[in-house]
Amino acid sequence: MKKDKEQIEQRNRQLREWACNYHSASFIESDPVQFPHRYVLKQDIEISGLLTAILSFGNRRQILKKADQLDEMMGHAPLRYVLSECWKEDFREGDRRSFYRMLSYAEFRIYFEKLYSVYASGRSLEDVLLEYDGTPMQRLCAFLGVTDRSPQKKLNMFLRWMIRTGSEVDFGIWKKMSPADLLIPLDTHVCRMAYRLGLTDRQTFSLGNARRITGALEEIFPGDPCLGDFALFGYGVSHPDKDGLASDQNFREA
């Protein structure tokens with residue numbers, strides 16, 4: 001039992017070290033978060049952040065390319081673009097052509113419609129989400145009209161950007177929601193590393209597993225479990241074929 005505790009503490013120290021290494025401004029340049037970082041105005045950050053997060057699936061290089069194209073389409077002025085309603089011409093109803101992978105122009109238009117309803121009323125997205133009940137994820141899912149019974153990796157990544165404070169990477173501009181209520185953005189790298197490190201006993205992309213991993217990270221990063229996202233994702237994407245552990249077998253048993 002003593003040996004198991006030592007292994008777990010060693011693992012936790014390793015996670016804190018990885019978080020420290022990857023939780024820095026250098027993370028921004030190769031991550032989709034670089035796009036909302038182009039802006040200062042809260043509304044611009046919200047719009048760029050949400051739309052970039054929606055596009056954040058598939059090949060990393062293609063994600064960055066498409067997000068950059070979208071930023072150019074918006075004239076590098078997200079709020080002005082949303083309020084101008086130019087998106088009605090750029091993203092027409094019924095246009096089933098692919099905008100990005102399986103996401104059509106018509107489907108992407110829906111996000112502009114919802115964002116327009118927010119900013120045309122003079123509010124921020126944070127203001128609107130506070131009208132809903134539940135966790136940050138449940139609030140955002142309710143606003144977008146999507147299920148909150150799946151891991152919703154992209155939406156949880158966006159929420160991390162908006163809510164986590166004291167970060168060079170995340171913005172922390174939403175002051176009325178707590179980092180303690182965030183859910184880990186569950187992707188391939190996070191799931192793989194969490195399983196290898198014994199933070200979860202399964203490799204499933206489910207809401208239950210996202211909660212399980214977040215709960216384990218809460219014990220390592222109290223009040224800020226998604227700081228662990230930098231450790232798991234940062235190391236996982238940088239070392240896709242390695243555990244990076246002094247004793248792989250020991251950590252698998254921990």
Side-chain angles (χ1 to χ4, degrees), residues 32-33 36 42-57 78-79 82 103 107-167 169-188 190-191 194 199-200 202 204-233:
V33 76
K42 178 179 181 178
Q43 293 90 335
D44 283 334
I45 294 170
E46 289 178 338
I47 295 167
S48 176
L50 179 61
L51 297 179
T52 298
I54 295 299
L55 295 173
S56 295
F57 63 98
L79 179 61
V82 168
L103 188 62
E107 289 168 329
F108 204 71
R109 174 193 173 99
I110 295 171
Y111 298 108
F112 283 109
E113 292 174 346
K114 291 183 179 295
L115 289 171
Y116 180 80
S117 72
V118 172
Y119 300 108
S121 69
R123 297 174 294 173
S124 69
L125 182 54
E126 179 188 21
D127 294 332
V128 171
L129 294 192
L130 291 172
E131 297 174 0
Y132 295 89
D133 295 324
T135 65
M137 174 184 162
Q138 290 169 330
R139 293 171 188 265
L140 183 56
C141 287
F143 168 71
L144 293 175
V146 299
T147 181
D148 62 6
R149 296 180 181 274
S150 72
Q152 294 291 5
K153 172 258 179 178
K154 294 173 290 186
L155 300 186
N156 281 306
M157 181 177 70
F158 167 69
L159 291 168
R160 196 204 79 203
W161 293 349
M162 296 299 104
I163 297 172
R164 282 198 68 253
T165 58
S167 172
V169 180
D170 300 321
F171 295 89
I173 56 175
W174 288 3
K175 305 298 185 182
K176 296 181 180 179
M177 299 186 209
S178 172
D181 295 327
L182 292 172
L183 193 66
I184 192 79
L186 187 63
D187 68 3
T188 301
V190 169
C191 191
L199 299 175
T200 179
R202 61 203 70 183
T204 57
F205 291 92
S206 66
L207 179 59
N209 206 25
R211 287 173 172 165
R212 191 174 296 108
I213 295 168
T214 303
L217 291 172
E218 169 67 26
E219 296 182 11
I220 303 167
F221 306 100
D224 189 15
C226 281
L227 176 54
D229 187 28
F230 291 91
L232 297 175
F233 177 82

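Being a predicted model, the structure only gives us computed values, none of them experimental. What you see below is based on every heavy atom in this structure, not just the backbone, and it leaves out hydrogens, waters and symmetry mates.
To the nearest 0.5 Å, the span separating CH2 on Trp161 from CG on Asn156 amounts to 12.0 Å. In this structure, Glu46 CD and Ile173 CD1 are separated by 5.5 Å, a value rounded to the nearest 0.5 Å. A distance of 9.0 Å separates NZ in Lys175 from CD in Glu126, rounded to the nearest 0.5 Å. For the atom pair Leu232 CG and Ile184 CD1, the distance stands at 6.0 Å (nearest 0.5 Å). Between atom CG of residue Leu155 and atom OG of residue Ser150 there is a gap of 8.0 Å, rounded to the nearest 0.5 Å. To the nearest 0.5 Å, atom CH2 of residue Trp174 and atom CG of residue Asp127 are 10.0 Å apart.
Applying the ring-ring contact (aromatic ring centres under 6.0 Å, His included) definition to pairs two or more places apart or across chains, none involves residues 120-152. The list of side chain to side chain donor-acceptor pair (under 3.5 Å) pairs with a residue in residues 213-223, not counting sequence neighbours, is empty. Counting only residues at least two apart or on different chains, the salt bridge (Lys or Arg N to Asp or Glu O under 4.0 Å) pairs with a member in residues 144-163 are Arg160-Asp170, Arg160-Asp229.
For the residue pair Arg164 and Leu227, the shortest heavy atom distance occurs at NH2-CD1, 3.8 Å. Nearest approach of Asn209 to Thr204, heavy atoms of both residues: ND2-O, 2.9 Å. Among all heavy-atom pairs drawn from Pro225 and Leu182, the shortest one is CG-O, 4.2 Å. Listed here is the closest heavy atom pair of Val82 and Tyr116: O-CD1, 3.3 Å. Across every non-hydrogen atom of Phe158 and Ala53, the tightest pair is CB-CB, 3.7 Å. In terms of heavy-atom proximity, Lys114 sits nearest to Leu144 at CE-O, 3.3 Å.
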What verdict does the side-chain contact (heavy atoms from CB on, under 4.5 Å) test give for Thr188 and Phe205, after you've listed the backbone C-alpha separation in whole Å, the side-chain angles of each residue and the deciding distance to 0.1 Å?
CA-CA 8 Å; Thr188 301; Phe205 291 92; 4.1 Å; yes
Start with the C-alpha distance between Gln152 and Leu207, add both sets of side-chain angles, then the distance that settles side-chain contact (heavy atoms from CB on, under 4.5 Å), and finish with yes or no.
CA-CA 8 Å; Gln152 294 291 5; Leu207 179 59; over 6 Å; no
After noting the C-alpha distance and the side-chain angles of Leu130 and Arg139, does the key distance pass the side-chain contact (heavy atoms from CB on, under 4.5 Å) rule?
CA-CA 7 Å; Leu130 291 172; Arg139 293 171 188 265; 4.1 Å; yes
Determine, step by step, whether Val33 and Met157 satisfy the side-chain contact (heavy atoms from CB on, under 4.5 Å) criterion, reporting the C-alpha distance in whole Å, the side-chain angles of both residues, the deciding distance to 0.1 Å, and the verdict.
CA-CA 9 Å; Val33 76; Met157 181 177 70; over 6 Å; no
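Centroid-to-centroid, the aromatic rings of Phe108 and Phe112 come within less than 6.0 Å.
Looking at Asp181, its side chain never comes within 3.5 Å of a backbone N or O of Pro136 through a donor-acceptor pair. Thr52 places no side-chain N or O within 3.5 Å of a backbone atom of Gly49 that could act as its donor or acceptor partner. For the pair Ser121 (side chain) and Val118 (backbone), a donor-acceptor distance under 3.5 Å is present.
Proximity of Leu125 to Lys42: side-chain heavy atoms (C-beta onward) are nowhere separated by under 4.5 Å.
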